[in-house]
2 protein chains.
Amino acid sequence: MPEDNVKKIKMTPQRAAILKYLEGNTSHPSAEAIFDAVRKQYPMISFTTVYNTLQTLKDLDRVWELNIDDERKRYDPNVMLHHHLICMECKKIVDIHMDFQLDVPDEKAQGYMISGRHVEFYGLCPKCRNKKKNND
Amino acid sequence: MPEDNVKKIKMTPQRAAILKYLEGNTSHPSAEAIFDAVRKQYPMISFTTVYNTLQTLKDLDRVWELNIDDERKRYDPNVMLHHHLICMECKKIVDIHMDFQLDVPDEKAQGYMISGRHVEFYGLCPKCRNKKKNND
DNA sequence: TGTTACTTTGTAATCATTACATATTAGCGG
DNA sequence: CCGCTAATATGTAATGATTACAAAGTAACA
Ligand SMILES: [Mn+2]
Ligand SMILES: [Mn+2]
Ligand SMILES: [Zn+2]
Ligand SMILES: [Zn+2]
């Protein structure tokens with residue numbers, strides 16, 4: 001029997017709606033963005049439920065909480081190792097799927113046990129580049 | 001005449017105290033940590049002044065605002081390109097001075113103009129590793 | 001179908017950060 | 001040195017994201 005290593009959570013319409021919205025979503029939404037999107041299908045959902053569910057999913061390693069945006073936390077349903085590129089202007093985040101060699105030799109690790117790595121790139125997205133250009 | 005490319009700011013005792021505290025500091029302090037430290041020498045300083053000064057220094061590229069800690073912003077007077085390792089338990093941040101090859105080919109950049117890069121490593125610092133061990 | 005532990009909800013609290021109005025002062029020009 | 005003024009510091013209030021909490025509701029199991 002193929003073992004199902006996805007831990008079970010009690011399924012509710014709210015959670016289903018959040019999971020459906022997140023499934024395959026590469027927009028790195030904030031809690032607010034998730035709330036706004038899910039509310040369209042499920043108008044009675046509360047903000048707290050979004051936060052609660054995100055916490056639960058985080059604990060189960062089903063979402064990744066990103067601190068790359070200085071204004072708010074962003075959530076990524078893709079928990080496979082990958083990297084990000086953020087627009088410094090509009091805060092749009094896109095994925096960078098590349099394998100960088102990021103090994104830190106012991107003498108540079110200062111006694112830390114390293115278990116995760118993440119590369120952040122900063123720049124301007126195409127839209128914001130154009131806006132800048134037109135303002136010259 | 002060797003040009004002094006450090007832009008002038010009006011020097012105040014408050015700013016001098018903050019700058020002195022930051023000079024060569026590799027602890028990646030939060031605004032609160034800066035406030036607490038500076039207050040020892042300069043008890044009448046206000047929290048707002050710390051924030052104001054950090055904003056000014058940021059604008060002049062004399063400090064780097066780090067979003068690596070999910071609880072609070074952290075500040076780094078070393079604005080040269082380098083990377084960081086954060087303890088997931090106590091949030092202690094140390095520098096990683098290494099040259100990684102982090103070039104993103106155009107077809108992966110999705111039209112973004114990339115101007116910055118930063119590698120974050122996550123792990124456990126020596127102290128927190130020991131604490132974990134003793135709790136087993 | 002009944003039970004109950006887990007969820008949801010609304011509201012209040014918290015915490016970091018920013019806004020603002022007022023008082024102070026660094027640094028320039030005379 | 002002195003006086004002026006734009007820049008800065010301060011205290012307090014506001015904001016905005018996130019978390020805490022208590023009460024009501026319900027998914028999932030027996
Ligand atoms: Mn991603
Ligand atoms: Mn550093
Ligand atoms: Zn943009
Ligand atoms: Zn630690």
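Note on naming: letters A, B, ... go to the chains in the order of the sequence lines (proteins, then strands), and numbering restarts at 1 for each one. We use all heavy atoms of the structure for the numbers below, so side chains are in, but hydrogens, waters and symmetry mates are not.
Residue pairs meeting the side chain to side chain donor-acceptor pair (under 3.5 Å) criterion with at least one partner in residues 68-79 of chain B, sequence neighbours excluded, are H28(B)-D76(B), E65(B)-Y75(B), D69(B)-R74(B), D70(B)-K91(B), D76(B)-H82(B), D76(B)-H84(B). The side chain to side chain donor-acceptor pair (under 3.5 Å) contacts involving residues 96-105 of chain B comprise nothing, where partners must be two or more places apart or lie in separate chains.
No donor-acceptor distance shorter than 3.5 angstrom exists from the side chain of E32(A) to the backbone of S30(A), with no hydrogens or angles considered. A donor-acceptor pair is defined here as one N or O able to donate and one able to accept, closer than 3.5 Å; such a pair exists between the side chain of R129(A) and the backbone of G111(B).
The C1' atoms of five pairs define one axis at each end of the helix from dT1(C)-dA30(D) to dG30(C)-dC1(D), and these two axes lie 40° apart (to 10°).
Between A31(B) and Q14(B), the residue anchored closer to the 5' end of DNA chain C is A31(B), taking for each the nucleotide with the nearest heavy atom.
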Check against side-chain contact (heavy atoms from CB on, under 4.5 Å), I34(B) and L54(B): CA-CA 10 Å; I34(B) 295 168; L54(B) 287 170; 4.0 Å; yes
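Under the 3.5 Å distance criterion, with hydrogens and angles disregarded, a donor-acceptor pair is assigned to the side chains of E120(B) and Y122(B). The closest side-chain donor-acceptor pair between T56(A) and T53(A), if any, does not fall under 3.5 angstrom.
On the nucleic acid side, DNA chain C contacts chain A at distances under 4.0 Å to non-hydrogen atoms, with the end points of that region at dA5(C) to dT11(C). Taking every nucleotide of DNA chain D with any atom under 4.0 Å from a non-hydrogen atom of chain A, the first and last of them, 5' to 3', are dA17(D) to dA28(D).
DNA chain C is contacted by T48(B), Y51(B) of residues 40-51 of chain B, taking any non-hydrogen atom closer than 4.0 Å.
With a 4.5 Å cut-off on side-chain heavy atoms, V119(B) and F100(B) count as touching.
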